[in-house]
Amino acid sequence: MTTFALRIDEKLQLRQLQVSDADELFMLTEENRDYLRKWLPWLDRTKKPIDTQNFIQSIRDQFNNTEGFVAAIEFENHIIGVIGFNEIDWYNRIGYIGYWLASSNQGKGIITTSCQRIINHSFTNLGLNRLVITCASENKPSRAVPERLGFKHEGTAREAEWLYDHFVDHEIYALLRCDWEQKAA
């Protein structure tokens with residue numbers, strides 16, 4: 001089975017989630033449940049460690065089928081969030097990035113730095129041409145990430161996601177390889 005890891009610095013790395021991470025990731029989810037529930041629709045389906053274990057197995061299968069990947073964001077050997085591709089459309093060479101981070105680690109640039117590493121890997125190693133990040137319109141911290149990274153705002157998808165008891169609009173951001181190359185030059 002293939003593995004995935006990207007070192008960012010001496011304390012921070014992105015690495016493939018292992019089934020053995022289920023308890024730690026579940027506890028992180030539990031500790032951040034109220035915070036995460038405001039923007040993420042899957043919390044009510046994650047009630048026990050086995051739910052997290054099943055999630056990890058499904059994303060490992062997704063990785064092995066080259067349909068995407070989700071990595072642990074690990075700081076000083078502790079999982080503090082996740083990031084990766086919810087989906088990769090290989091035919092059109094598009095990656096759809098998703099992420100979440102424990103509330104105690106917000107505002108430190110960790111998601112922005114992690115996204116930058118994923119972006120570089122996507123264009124340099126995976127041969128993708130377009131990266132997409134969608135965020136709930138009212139989720140200002142999440143929207144700030146693609147804006148900082150030079151993604152272009154392409155529009156609003158109205159009522160794009162059912163979030164427990166209401167629909168939320170999504171803002172759509174995209175970065176093209178040519179934009180990334182121009183910025184790097």
Side-chain angles (χ1 to χ4, degrees), residues 1-21 25 39-42 52 54-75 77 79-101 105 108-137 139 141-157 160-161 170-185:
M1 190 173 264
T2 319
T3 59
F4 170 84
L6 293 173
R7 174 129 328 257
I8 294 173
D9 60 34
E10 65 280 349
K11 294 182 179 184
L12 187 63
Q13 75 168 339
L14 310 178
R15 67 160 179 82
Q16 186 171 11
L17 282 163
Q18 306 295 324
V19 173
S20 59
D21 294 322
L25 184 58
W39 303 117
L40 299 174
W42 48 264
T52 301
N54 290 338
F55 164 72
I56 292 171
Q57 188 55 56
S58 74
I59 60 169
R60 289 182 62 75
D61 293 344
Q62 180 191 40
F63 178 79
N64 288 329
N65 293 328
T66 67
E67 297 166 347
F69 69 87
V70 178
I73 302 171
E74 194 174 67
F75 183 76
N77 299 316
I79 297 172
I80 60 170
V82 296
I83 190 169
F85 290 111
N86 297 324
E87 175 189 357
I88 297 177
D89 173 351
W90 287 108
Y91 183 78
N92 294 300
R93 294 183 289 163
I94 304 170
Y96 298 88
I97 298 174
Y99 45 80
W100 67 265
L101 190 66
N105 290 287
K108 300 176 182 176
I110 292 170
I111 286 292
T112 301
T113 302
S114 297
C115 273
Q116 186 62 65
R117 189 68 175 95
I118 292 286
I119 291 165
N120 294 344
H121 178 71
S122 300
F123 292 139
T124 303
N125 301 103
L126 299 181
L128 296 179
N129 183 62
R130 175 180 166 88
L131 301 178
V132 177
I133 295 176
T134 61
C135 310
S137 297
N139 188 346
S142 193
R143 289 181 60 187
V145 173
E147 291 169 0
R148 272 193 297 273
L149 291 169
F151 281 62
K152 297 217 183 332
H153 182 255
E154 294 189 333
T156 302
E161 183 176 46
H170 277 190
E171 301 305 320
I172 302 164
Y173 296 90
L175 181 69
L176 302 179
R177 173 189 289 276
C178 61
D179 300 332
W180 176 77
E181 289 171 342
Q182 185 177 19
K183 186 178 175 184

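Positions are given from 1, in the same order as the sequence printed here.
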Using atom types as modelled and distance alone, determine if a side-chain donor or acceptor of [X] lies under 3.5 Å from a backbone N or O of [Y].
X    : Y    : answer
R130 : A174 : no
N92  : I94  : no
R177 : F123 : yes
N139 : A136 : no
Y99  : I73  : no
N125 : S122 : no

Looking only at heavy atoms, what is the nearest atom pair of [X] and [Y], with distance?
X    : Y    : value
I56  : D21  : CD1-C, 4.0 Å
A71  : L17  : C-CG, 4.4 Å
Q116 : L149 : OE1-CD2, 3.2 Å
R143 : C135 : CG-CB, 3.7 Å
T156 : S137 : CG2-OG, 4.1 Å

Checklist entry - In chain order, what residues pass the ring pair (Phe, Tyr, Trp, His ring centres under 6.0 Å) check against Y173, with sequence neighbours excluded? => result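 Counting only residues at least two positions away or on another chain, Y173 forms a ring pair (Phe, Tyr, Trp, His ring centres under 6.0 Å) with H153.
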Next on the checklist: Run the side chain to side chain contact (heavy atoms under 4.5 Å, CB included) test on Q13 and I8 for me, step by step, so that the C-alpha distance in whole Å, both residues' side-chain angles and the decisive distance to 0.1 Å come before the verdict.
Outcome noted: CA-CA 5 Å; Q13 75 168 339; I8 294 173; 5.9 Å; no
Next on the checklist: Applying side chain to side chain contact (heavy atoms under 4.5 Å, CB included) to E171 and T134, what does each step give before you reach the verdict?
Outcome noted: CA-CA 5 Å; E171 301 305 320; T134 61; over 6 Å; no
Any chance you could measure [X], atom [atom1], to [Y], atom [atom2], to the nearest 0.5 Å?
X    : Y    : atom1 : atom2 : result
L25  : S20  : CG    : OG    : 11.5 Å
R7   : L14  : CZ    : CG    : 9.5 Å
L6   : Q16  : CG    : CD    : 11.0 Å
I83  : L101 : CD1   : CG    : 9.5 Å
N129 : D89  : CG    : CG    : 11.0 Å

Checklist entry - Would you say Q182 has more than 12 foreign heavy atoms packed within less than 6.0 Å of its CD? => result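 For Q182, atom CD is not crowded (no more than 12 foreign heavy atoms under 6.0 Å).
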Checklist entry - Would Y96 and F85 satisfy ring pair (Phe, Tyr, Trp, His ring centres under 6.0 Å), going step by step from the backbone distance to the final call? => result CA-CA 5 Å; Y96 298 88; F85 290 111; 8.7 Å; no
Are [X] and [Y] side-chain neighbours, meaning at least one heavy-atom pair lies under 4.5 Å?
X    : Y    : value
F69  : I118 : yes
E74  : L12  : no
F151 : L131 : yes
R15  : I79  : yes

Checklist entry - Do R117 and D9 pass the salt bridge (Lys or Arg N to Asp or Glu O under 4.0 Å) test, and can you show the C-alpha distance, the side-chain angles, and the key distance before you say yes or no? => result CA-CA 11 Å; R117 189 68 175 95; D9 60 34; over 6 Å; no
Item to check | Test applied, side-chain contact (heavy atoms from CB on, under 4.5 Å); reference residue, V132; option that passes from I172, I97, L175 | outcome: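 Single side-chain contact (heavy atoms from CB on, under 4.5 Å) partner of V132 among I172, I97, L175: I172.
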Checklist entry - Mind checking whether W42 and F55 have parallel, tilted or perpendicular rings, split at 30° and 60°? => result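 The rings of W42 and F55 lie parallel, inter-plane angle below 30°.
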